[in-house]
Amino acid sequence: MEQQQQQTPSLDDCLKLLKGERDEQRLAGLLLVTKFCNGDDLVSLRKVYNAVGVHFLDRLLRTGTGKGSVTGGDNRDMYLQLSVTVLAAFCRVPDIAESKEMVSKIPLILEIMPEVSGSPVLEECYEFLYLVTTSYEDGATAFYESGGMKVLASQMSSLPDGSHMMELAMKIVQSILSRLSQDVVTNTYVSELSMMVATVARQFALLHNSLKFEALHLLSEIFSSKYSKPLCDALCAMAGNKWPDHMRAGIVAILQNRVEPAEKLHALILAESVISIMGEGWLLGQPNLPDLPDSIPADRCFLLVLESARVEVAVLLNDLAYLKYEASKDTSTTVETILLKQRNVAIAFSLVERVIKLTSTMDEVEGSVIGERTLIKVINGLNETINVVLEYLEDAKVMIFLVLKTCHLHPTLALTIVILQEHGQKKGNDLLASVRVVGSYLAETPNACKEKVRELLDYMLTIEGEDEPSPFHSISFLLPMMCQITMDIEGCEALISSGGYKAVAECLVKLIGPRGNMVGDDGCTFLACDTVLNLLLKKEQMLFRMDESTFIDLLKAIGYWAGNANDLSVIIMASSICALIFDYTSEEALLNHPNFDNSSLHNLYKIIARSLASCKQDMSDIVREETDLLEIVTSGFTRWAHRFPRLREAVESA
């Protein structure tokens, strides 16, 4: 045994060979190093690196690739294996990995990788690239500029599932995306990135070790980027690829097991991203994956996403309420913490909205995979979550009341109170998102949580997003509900008592008026019009009179919107609202109003005249569909024509 220990070469023996004058000596020294030098012994690796020299390593690598020559270098494969192995080992020393000499070898390593597929040297190539690209930004840049993304994309799908090479490849991708702008990466290599995502999604589905979470984090990072839309389009176009099924299987595995809450949040972020690409129906798909030993029920993902989103909503809203309360007395609470919570609750809200949308269409789908008992469970869960959201809004409203009350008792707190009221309780993206999810649910079930909704309606209509100068989006989110409840007297009275009718009128003016700077779809505009119509049609039953400033603004906006319109449905809708508002006023009163001019009145006369003319001349499908609205115009004209002589003359002479 002692004789064997004496014969074992030492590091000093290797260093002597490495410092030899002949290539044969250096080769022998390197071979000895690979046999006994511990890869974690960074001090020894540094000594070996200094001894062998950069120039010889470069010649050795080029000999292995057939582009150089080392004395005695007849066995190219062996020298290629040796050179890449020792380069990867040296790069475990951080300052060597960061050196220009190592970065300069990236293009050559990428060049040889397609040629060594299936060879042990390929793993050493990945090791080298991982160490260099993650150690220094120049390494990531050199990898990217040398076409590394194309090489990875072409190889990743053929790497063994869960292998060390797969892990290294994923870490390289993560490094590239974190060090370089994903905007540039996505636009230049969108096809390659989509192929990588499909491969990583497979790892996410099949693996049950730490690499599963690495895949989850990488996918979450990719899809969370604001530059991900081109990638989403590319993935949508990948017909026949299993990536959506792999995503579903991986998300289900995370959500149904005991993992850290942060991991579940990543899974929900991923679920939201996939739904945005594939649509809500993806939640109900059954994966067809032969590699998975156990099949997943078709409704499992749907139910897990809903339940997990509900939990996140409850937890995050509670956290936000506490943080806002603490922020009023403790300046150490960071804005970043609140913003992060707001972003996360927005994701949970979005998923709840997706479930609401999917649930609302289940009756229309034959052979739905959701049974009646499950559907009732889903609806009950949604009811509970909406109640939690309403309680959060109620707390915000109550805090304003308490703060205002405190202002009278403690005048010295007035400044703090104003700041809290203006920036904490009526303005906030979390509050706006809360109104949105409530509005989505009430659009499908307008009488749900009826008492609480009506108590909070006035407050919800005043909520603004962080960048909004005045409420708009909160009103538009609630328009479907308000339009439906104003179909009966009770709903109209609720809207009037809350001041909601003014909010709807102001929203409509912003959508269609000359100074309107809000962009909404036609659906939003017509919902606002229908709500105003519902109120005006019942004005006599409720003894309701719209105040002058509101109807003046409405008339001006309607004239601007429909005055030169070619769409007959717009003209008829506008003229029907005018016909009901004209009950309140006269031609003389309008012309004498300081905020109303002759051109605005001319526009209104023009659209009413066109509507009345269409009753006699146009028998198009639109006219037939809008018979009820045209009846409002014609009957209104008979009531107030004597108060609008110029309009009567124009109509009679037409």
Side-chain angles (χ1 to χ4, degrees), residues 149 153 156-157 170 173-174 177 182-183 185-206 212 215-255 264-289 292 296 298-306 308-309 312 343-344 346-362 365 369 433 436-437 440 521:
M149 297 294 285
M156 281 183 70
S157 61
M170 287 167 49
V173 174
Q174 195 158 28
L177 295 178
Q182 190 167 331
D183 180 19
V185 176
T186 302
N187 286 331
T188 308
Y189 291 111
V190 63
S191 176
E192 288 77 11
L193 194 57
S194 64
M195 293 166 60
M196 293 177 187
V197 166
T199 300
V200 176
R202 176 179 168 83
Q203 307 308 301
F204 180 45
L206 301 183
K212 186 184 196 75
L216 170 62
H217 298 160
L218 176 56
L219 291 168
S220 176
E221 179 182 343
I222 290 172
F223 283 108
S224 296
S225 168
K226 63 181 179 180
Y227 304 113
S228 63
K229 187 180 185 309
L231 172 64
C232 294
D233 294 340
L235 286 168
C236 190
M238 292 176 69
N241 194 284
K242 297 286 187 181
W243 74 266
D245 287 343
H246 285 135
M247 290 283 203
R248 187 188 297 108
I251 289 169
V252 165
I254 296 294
L255 295 182
K264 291 197 174 187
L265 184 58
H266 278 297
L268 291 178
I269 292 172
L270 208 52
E272 165 59 22
S273 299
V274 180
I275 295 170
S276 68
I277 299 172
M278 304 302 299
E280 288 79 10
W282 171 83
L283 285 167
L284 290 173
Q286 189 163 17
N288 180 22
L289 300 172
L292 286 177
I296 300 173
D299 63 354
R300 178 70 56 81
C301 185
F302 173 72
L303 295 174
L304 284 170
V305 166
L306 172 59
S308 300
E312 288 296 328
R343 285 194 295 269
N344 290 340
I347 292 165
F349 277 159
S350 179
L351 287 168
V352 171
E353 288 185 65
R354 302 281 194 179
V355 171
I356 292 169
K357 182 178 179 181
L358 184 59
T359 304
S360 68
T361 60
M362 282 183 183
V365 180
V369 297
R436 173 172 171 157
V437 74
S440 295
D521 57 24

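Excluded from the calculations below are hydrogen atoms, water molecules and symmetry mates; all remaining heavy atoms, backbone and side chain alike, are included.
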Can you give me the closest heavy-atom contact between [X] and [Y], atom names plus distance?
| X | Y | result |
| --- | --- | --- |
| P230 | V190 | O-CG2, 3.4 Å |
| S308 | L255 | OG-CD2, 3.6 Å |
| M238 | A198 | CE-CB, 4.1 Å |
| L235 | S194 | CD2-O, 3.7 Å |
| A271 | V305 | CB-CG2, 4.2 Å |
| E353 | V437 | CG-CG2, 3.8 Å |

If you apply the rule side chain to side chain contact (heavy atoms under 4.5 Å, CB included), what do you find for M170 with M156, and how did you get there? CA-CA 9 Å; M170 287 167 49; M156 281 183 70; 4.2 Å; yes

What distance do [X] atom [atom1] and [Y] atom [atom2] have between them, rounded to the nearest 0.5 Å?
| X | Y | atom1 | atom2 | answer |
| --- | --- | --- | --- | --- |
| R202 | D245 | CZ | CG | 12.0 Å |
| F302 | E280 | CZ | CD | 10.5 Å |
| I356 | T361 | CD1 | OG1 | 12.0 Å |
| S191 | M149 | OG | CE | 11.0 Å |
| L268 | I275 | CG | CD1 | 9.5 Å |
| F204 | M247 | CZ | CE | 7.5 Å |

Is any side-chain heavy atom of I254 less than 4.5 Å from a side-chain heavy atom of L304? no

Examine distances only and state if a side-chain atom of [X] and a backbone atom of [Y] form a donor-acceptor pair shorter than 3.5 Å.
| X | Y | answer |
| --- | --- | --- |
| T188 | V185 | no |
| S220 | L216 | no |
| S350 | A346 | no |
| S276 | S273 | yes |
| S225 | E221 | no |
| S360 | K357 | yes |
| W282 | V274 | no |

Given the rule in the side chain to side chain contact (heavy atoms under 4.5 Å, CB included) test, do V197 and L219 qualify, once you have shown the distances and angles that lead to the verdict? CA-CA 7 Å; V197 166; L219 291 168; 3.9 Å; yes

Ion pair check, K264 and E312, cut-off under 4.0 Å: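 E312 and K264: not salt-bridged.
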
Mind telling me whether F223 and W243 have parallel, tilted or perpendicular rings, with 30° and 60° as the class edges? parallel

Could you go through K229 and D233, starting from their C-alpha distance and side-chain angles, then the distance that decides it, and tell me whether this counts as side chain to side chain contact (heavy atoms under 4.5 Å, CB included)? CA-CA 6 Å; K229 187 180 185 309; D233 294 340; 3.1 Å; yes

Decide side chain to side chain contact (heavy atoms under 4.5 Å, CB included) for L177 and Q174; before the verdict, give the C-alpha distance in whole Å, the side-chain angles of both, and the deciding distance to 0.1 Å. CA-CA 5 Å; L177 295 178; Q174 195 158 28; 6.0 Å; no

